[in-house]
Amino acid sequence: WCAGDRVAVYNIVPWSDAHRFPAEMIQCSPGKKVLGVNTGKVGAFAEYICVPAANLARLSPAVSFAKALLNEPRAVSYHALRHVPESTKTLVIVGGGTIGQCLARVAQVMGRWQVYLLEPLAEKRSLAATTGATVLPPDLEELAKHLPNGADASIEAVGVEGTLLTSLRVITPGGTLVVLGNLAKQVTLPYQEISSYEKKLVGSYGFSPSDFRTIIGWINEGKFELDSLLTGTCTLEETPQVFEELASGRRQAVKIVVEP
């Protein structure tokens, strides 16, 4: 590496317990260090930050840093999609926020499934429809018109009880639910439905170094349309207000770029 090289950074630094985990699961290490979160006093918006050279990936000159930021939700999505069984033909994504949108886009590039996406907001449905997915409101009766026997697999991309239950109910007996959303700490699940219909729940968290490099490679190759998901910018000083507006619902966005 040389001074001036344009790079993207894998944001997880393996720690002392990393040897206990395979390379594809170091993001699940309890002792992991996440850049800008728990690596010390200096955050990721510092003028300079030191990272291991092994965490770097070369970024094409044609890719702006703002667009390169989308590597993270796409790598999260790619990691989750790798949990979908090989035999899957129909896939339902529940939630059309940042992760749901990226799931649809990565699934489009992978080209393995007939994809359906459930999202209550019309604006986000329109955005997801550009991926070629069949996009519907979260109405199980409407979905049943398309998938009368249920989907082979689903991915929950919100992280609350209601959408998790929807994700469970849209899959066929023997189907797989990938649990990706990560908001609620606890939910109540229909135990007998899971056991009686042999439905499988698989957790998915973050992404591995190989997931990161795959997605950066695809971004460099121009496999993704990136502009439509960048729905705003703000300064570092404006960030608290933007978070408040997003949390209250006064502002809707897919990805906002903080420009210090």
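Remember, predicted model here, so these are calculated numbers, not experimental data.
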Quick check: is I216 connected to I26 through a chain of hydrophobic side chains (ILVMFWY, heavy atoms under 4.5 Å apart)?
yes

Would you mind reporting whether L35 and V13 have side-chain heavy atoms less than 4.5 Å apart?
yes

Looking just at side-chain N and O atoms, do S208 and D211 make a donor-acceptor pair shorter than 3.5 Å?
yes

With V92 as reference, evaluate V115, L117, L147 under the side-chain contact (heavy atoms from CB on, under 4.5 Å) test and give the passing residue.
L147

Taking R125 for the side chain and P120 for the main chain, is one N or O donor matched with an acceptor at less than 3.5 Å?
yes

Please report the interatomic distance OG1(T163) to CD(E119), rounded to the nearest 0.5 Å.
10.5 Å

Distance (rounded to the nearest 0.5 Å) between R169 CZ and S154 OG
12.0 Å

For residues L201 and L189, report the shortest heavy-atom separation together with the two atoms involved.
CD2-CD1, 3.9 Å

Please find the pair of heavy atoms, one from A57 and one from F212, that lie closest to each other, and give the distance.
CB-CE2, 3.6 Å

Look at the side chain of E156 and the backbone N and O of V158, then say whether any donor-acceptor pair between them is shorter than 3.5 Å.
yes

Minimum-distance pair of heavy atoms, taken over all atoms of G95 and A157:
O-CB, 4.3 Å

Nearest 0.5 Å, please: how far is CG in L69 from CD1 in I256?
12.5 Å

Backbone N/O of D152 and side chain of T90: donor-acceptor pair under 3.5 Å:
yes

Taking salt bridge (Lys or Arg N to Asp or Glu O under 4.0 Å) as the cut-off, I'd like each qualifying pair that reaches into residues 212-231, sequence neighbours left out, listed once.
K67-D227, E221-K223

Please check: side-chain N/O of R112 versus main-chain N/O of A107, any donor-acceptor pairing under 3.5 Å?
no

What's the verdict on side-chain contact (heavy atoms from CB on, under 4.5 Å) for N220 and V63, showing C-alpha distance, side-chain angles and the deciding distance?
CA-CA 7 Å; N220 285 338; V63 179; 4.0 Å; yes

I want to check something: taking the side chain as every heavy atom from C-beta on, are L91 and I155 in contact at a cut-off of under 4.5 Å?
yes

Under the salt bridge (charged side-chain N to carboxylate O under 4.0 Å, His left out) test against R251, which residue among E245, E238, E244 passes?
E245

CA sep, side-chain torsions, deciding dist, call: L118, T166, side-chain contact (heavy atoms from CB on, under 4.5 Å):
CA-CA 10 Å; L118 306 184; T166 295; 4.1 Å; yes

Hey, does K199 have a side-chain heavy atom less than 4.5 Å from the side chain of L177?
no

Just by modelled atom types, is the Q114 backbone N or O under 3.5 Å from a matching donor or acceptor in the K89 side chain?
no

Under 3.5 Å, side chain of S196 to main-chain N/O of E193, donor-acceptor pair present?
no

CD-OG1 distance between E259 and T235, expressed to the nearest 0.5 angstrom
9.5 Å

Taking the side chain as C-beta and beyond, is there a heavy-atom pair between R6 and F65 under 4.5 Å?
yes

Rounded to the nearest 0.5 Å, what separates atom NZ in K33 from atom CD1 in I12?
13.0 Å

Would you call Y10 and Q27 a side-chain contact if the rule is heavy atoms closer than 4.5 Å?
yes

Linking I/L/V/M/F/W/Y whenever any side-chain heavy atoms sit under 4.5 Å apart, do V178 and V109 land together?
yes

Taking the side chain as everything from C-beta on, heavy atoms only, tell me whether F207 gets closer than 4.5 Å to Y78.
no

For K255, what residues pass the salt bridge (Lys or Arg N to Asp or Glu O under 4.0 Å) criterion, not counting sequence neighbours?
none

When you measure from the side chain of T130 to the backbone N and O of S126, does any donor-acceptor pair fall under 3.5 Å?
no

Closest approach of A8 to L59 (non-hydrogen atoms, all atoms of both residues)
N-CB, 4.3 Å

Is it the case that atom CD in E123 sees more than 12 heavy atoms from other parts of the structure closer than 6.0 Å?
no

4.5 Å side-chain heavy-atom contact, R105 and S228:
yes

Would L81 end up clustered with V135 when hydrophobic side chains under 4.5 Å apart are linked, directly or stepwise?
yes

Taking every heavy atom of L70 against every heavy atom of I219, the minimum-distance pair comes out as C-CD1, 4.4 Å

Less than 4.5 Å apart, side chain to side chain, heavy atoms only: is that true for W1 and V7?
yes

If you take all heavy atoms of A75 and I215, which pair is closest and at what distance?
CA-CG1, 3.6 Å

Would C102 and V76 count as a side-chain contact (heavy atoms from CB on, under 4.5 Å) if you check the C-alpha gap in whole Å, the side-chain angles of each, and the deciding distance to 0.1 Å?
CA-CA 9 Å; C102 288; V76 167; over 6 Å; no

Whether over 12 other heavy atoms sit under 6.0 Å from E161 CD
yes

To the nearest 0.5 angstrom, please state how far the OG1 atom of T231 sits from the CD atom of Q101.
10.0 Å

Would a hydrophobic clustering, with Ile, Leu, Val, Met, Phe, Trp and Tyr connected at side-chain separations under 4.5 Å, put V254 with I99?
yes

Any chain of hydrophobic side-chain contacts (each under 4.5 Å) joining L103 to L127?
yes

